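Everything on this sheet refers to the single structure shown next.
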Amino acid sequence: MKRRSLLWLTTLVLVLSMFLAACGGDKKTATNTKNNNEDKKGSEQADSGPQDGGTLTYAMESEFKGLLNVNFYDSSSDAEIIGLFDDTLIDYDENLKPQPNIADWKTDDNKVYTFTFQKGVKWQNGEELKVQDWQFALETIAKIGPEHPRWTNVNTIEGATAFNEGKADHISGVEVVDDYTIKITFDKARVNNLENLWTYPLSRKEFEGMDPKKMAESEQVRTKPVGLGPYKVTKVIPGESVELTRFDDYWKGKPHIEKIIVKVIDGSLTVGELQNGGVDMTAFHPTLLPEIEKLDNVRVEKVPGLSYYYIGFKLGHFDGKKNVMDLPKYQNKKLRQAMLYAINRDEWVKAFFSGLGSPINRPVPTSHWIAADNKDLPNDYKYDPEKAKQLLDEAGYKDVDGDGFREDPDGKKFVVNFAHYDTGNPTYEARAKAMTQYWEEVGLKSKLTMTDVNLYYDQLEKDDPSIEVFYGGWGTGADPDPLPLWGKEAVWNYPRWVNDDSEKLLKDAVDISVVGTDQEKRKQLYVDWQKLFNEEVPALPIAELYDVYAVSKRVQDVKYDVSGSNSPAEWWIKQ
């Protein structure tokens with residue numbers, strides 16, 4: 001059974017675009033000759049089946065934050081590493097449907113679920129996994145409460161809120177039957193209770209007795225993580241590299257590859273590193289595609305993405321429990337719509353993503369079954385600067401002092417303060433500047449701030465007043481429910497958008513008393529929600545992209561689909 005990427009299937013994670021690089025290579029002829037010989041030798045060996053041994057080098061172009069535990073990570077680069085050394089209770093197939101993995105389940109009513117764990121599954125510290133480890137994870141998140149981004153994956157369990165408020169010693173809806181059986185009762189039956197549930201245990205041996213709010217800073221998360229997967233972390237150099245070695249007691253059997261090295265590389269080196277064998281696998285920015293496709297020792301995998309990019313507006317703040325929409329600057333809907341009409345997204349995607357993507361008018365990737373057809377949405381935000389100017393005029397944003405830029409409706413200077421994360425990749429600033437140029441062309445004075453990527457998301461999460469308009473991306477989970485991102489209580493609702501109609505549509509879409517098990521009825525509610533979002537644009541949907549990967553031809557049995565890669569335990573290297 002294929003094991004899907006944690007990146008896509010746990011929940012929603014931040015998506016950081018990768019580097020633009022242009023790198024030729026004068027070693028190509030010699031390298032290709034060598035690789036052709038190796039390919040021939042490997043092809044002969046491949047006929048005899050997987051081989052054990054070897055070291056695989058896995059590269060990433062964005063520095064990882066170092067939150068190397070699935071219960072605490074919030075970036076795609078950390079998720080890539082976690083996916084190599086941890087495993088999931090439930091799995092997903094190529095249609096994003098849940099499948100048993102470590103745990104199986106049964107339910108009669110979508111409200112009460114009984115989960116049964118496989119016996120003999122070992123943590124990498126030698127402890128056996130038991131259902132109490134999952135109970136521990138759920139209660140750790142519930143104890144932190146709304147400030148924890150996975151609270152929305154826990155707070156639907158009966159008694160979770162009472163536990164968070166200190167009114168109970170345990171979550172009443174979590175009942176340990178025995179070491180391998182656990183019963184979860186939700187506060188109500190929902191269509192997606194299983195898909196929304198947080199299904200990742202936390203080792204009690206590693207964290208018991210620790211303040212949940214301090215766990216993310218512990219060495220068990222930062223430098224000595226422990227998982228259930230086929231590889232175990234043996235060395236972490238923060239922000240630079242991670243060394244993983246084969247976990248011989250992996251519950252599905254000993255993996256093939258001896259060691260995996262994850263290293264952060266400058267994006268300008270990606271093509272050269274792939275060409276000379278310094279890197280075996282990497283996701284890469286679409287702009288590198290023409291160069292990488294020329295490499296004879298590498299194959300390219302392209303799959304439809306489950307992520308999208310957007311430009312958000314800070315409309316309010318998070319008060320610790322819910323979003324409050326109280327910042328006035330971008331409350332005018334026509335202003336936000338005008339800023340989207342002003343952007344030539346086709347040109348922008350072609351220039352900065354090799355055309356391996358397309359503009360979208362909704363915050364749902366086309367790959368998901370709930371995605372609304374463009375013709376059903378009230379607005380198709382095709383590039384139309386005249387329409388943008390018209391909307392700005394109607395909203396009262398006019399140039400009253402004759403300097404070429406518009407003042408706000410009160411006649412005061414108006415500047416779009418646009419923030420973008422910085423990883424050292426020069427193309428990030430170029431693409432961000434392109435946005436400000438589009439806005440200035442319709443008379444909106446704009447100022448760009450590039451901020452270190454880790455500081456950037458800290459500021460975003462804490463509603464730092466220095467961020468007003470921001471660039472971001474989300475990877476969606478197996479369940480398409482947008483509530484964890486756009487709900488009133490969602491801490492990841494960075495724009496702090498609060499809309500009663502939105503809240504009702506999203507909650508009705510998962511309420512089994514409203515939609516039953518009728519998938520079309522559920523989809524229609526999501527389509528209605530996308531119409532609302534398309535009209536209100538609390539964030540500007542920008543584009544969705546293909547995910548592209550480069551894999552050395554010496555690495556075998558690596559498979560990708562819309563949900564990510566298969567398990568690294570299945571990969572092997574031609575010896």
Side-chain angles (χ1 to χ4, degrees), residues 7 10-18 62-67 72-79 144-152 213 216-217 239 307-331 336 339 363 415-425 428-429 431-433 435-436 446-477 482-498 533 537-543:
L7 174 64
T10 55
T11 177
L12 305 131
V13 296
L14 308 176
V15 176
L16 305 180
S17 296
M18 289 166 285
S62 292
E63 183 178 323
F64 56 94
K65 291 180 68 174
L67 293 173
F72 302 105
Y73 84 97
D74 63 9
S75 72
S76 59
S77 52
D78 285 351
I144 297 172
E147 293 181 19
H148 195 296
R150 278 79 189 206
W151 170 241
T152 55
K213 291 188 176 181
E217 300 304 318
S307 59
Y308 63 88
Y309 295 95
Y310 69 95
I311 290 173
F313 301 92
K314 278 293 183 184
L315 303 172
H317 72 284
F318 189 75
D319 71 0
K321 291 188 175 180
K322 65 182 184 306
N323 293 290
V324 180
M325 203 164 73
D326 59 353
L327 295 178
K329 186 169 180 177
Y330 292 95
Q331 295 288 345
R336 302 193 298 267
M339 290 176 67
V415 177
V416 176
N417 291 303
F418 181 46
H420 195 292
Y421 48 80
D422 186 8
T423 65
N425 175 3
Y428 285 10
E429 185 166 0
R431 75 186 189 193
K433 278 184 176 175
M435 290 294 180
T436 61
S446 302
K447 179 184 175 184
L448 172 64
T449 301
M450 300 295 293
T451 304
D452 173 75
V453 61
N454 292 326
L455 175 60
Y456 179 83
Y457 276 108
D458 284 342
Q459 290 179 335
L460 203 53
E461 290 167 4
K462 294 173 182 173
D463 300 319
D464 189 297
S466 66
I467 293 187
E468 294 182 356
V469 181
F470 58 94
Y471 183 85
W474 287 113
T476 63
L483 193 63
L485 277 187
W486 301 104
K488 187 184 295 184
E489 297 177 356
V491 69
W492 276 346
N493 178 354
Y494 289 148
R496 310 309 178 199
W497 182 48
V498 180
F533 193 102
V537 283
L540 311 180
I542 298 299

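The first residue of the sequence shown is numbered 1, and numbering continues consecutively from there. None of these values were measured; they are calculated from a predicted model.
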Could you go step by step and tell me if Phe313 and Arg496 meet the side-chain contact (heavy atoms from CB on, under 4.5 Å) rule? CA-CA 8 Å; Phe313 301 92; Arg496 310 309 178 199; over 6 Å; no

Mind checking whether [X] and [Y] have side chains closer than 4.5 Å, heavy atoms only?
X: Lys314; Y: Leu460; result: yes
X: Tyr330; Y: Val469; result: yes
X: Trp497; Y: Lys488; result: no

Think Arg431 forms a cation-pi with Phe418, using NZ or CZ under 6.0 Å from the six-ring centre and within 45 degrees of its axis?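 Judged by the rule (NZ or CZ under 6.0 Å from the ring centre, within 45° of its axis), Arg431 is not positioned above Phe418.
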
Interatomic spacing from [atom1] in [X] to [atom2] in [Y] - rounded to 0.5 Å:
X: Met450; Y: Lys433; atom1: CE; atom2: NZ; value: 9.0 Å
X: Thr152; Y: Glu489; atom1: OG1; atom2: CD; value: 9.5 Å
X: Ile467; Y: Lys462; atom1: CD1; atom2: NZ; value: 11.5 Å
X: Lys213; Y: Glu147; atom1: NZ; atom2: CD; value: 4.5 Å
X: His420; Y: Thr451; atom1: NE2; atom2: OG1; value: 10.5 Å
X: Asn493; Y: Leu483; atom1: CG; atom2: CG; value: 9.5 Å

Take Arg150 and Phe72 through the side-chain contact (heavy atoms from CB on, under 4.5 Å) test and state the conclusion after the steps. CA-CA 9 Å; Arg150 278 79 189 206; Phe72 302 105; 5.6 Å; no

What verdict does the side-chain contact (heavy atoms from CB on, under 4.5 Å) test give for Ile311 and Ile542, after you've listed the backbone C-alpha separation in whole Å, the side-chain angles of each residue and the deciding distance to 0.1 Å? CA-CA 7 Å; Ile311 290 173; Ile542 298 299; 4.0 Å; yes

Which heavy atom of [X] sits nearest to which heavy atom of [Y], and what is that distance?
X: Pro541; Y: Phe533; answer: CG-CE2, 4.2 Å
X: Trp151; Y: Pro146; answer: CD1-CA, 3.4 Å
X: Leu448; Y: Ala432; answer: CD1-CB, 3.6 Å
X: Val416; Y: Met339; answer: CG1-CE, 3.8 Å

Can you tell me how the ring of Trp486 sits relative to the ring of Tyr310, calling it parallel under 30°, perpendicular over 60° and tilted otherwise?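 Trp486 and Tyr310: perpendicular rings.
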
Any donor-acceptor N/O pair, [X] side chain to [Y] backbone, under 3.5 Å:
X: Asp78; Y: Phe64; answer: no
X: Asn323; Y: Ala490; answer: yes
X: Arg336; Y: Ala539; answer: no

Check the pair Glu429, Asp422 against side-chain contact (heavy atoms from CB on, under 4.5 Å), reporting the backbone distance first and the verdict last. CA-CA 8 Å; Glu429 185 166 0; Asp422 186 8; 5.9 Å; no

Above 12 or not: heavy atoms from other molecules or residues under 6.0 Å from NZ of Lys322? no

State which residue, out of Glu468, Met325, Lys329, fulfils the side-chain contact (heavy atoms from CB on, under 4.5 Å) condition with Leu315.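 With Leu315 as partner, side-chain contact (heavy atoms from CB on, under 4.5 Å) holds for just one option, Met325.
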
Which of these, Phe470, Tyr309, Tyr456, sits in a ring-ring contact (aromatic ring centres under 6.0 Å, His included) with Tyr421? Tyr456

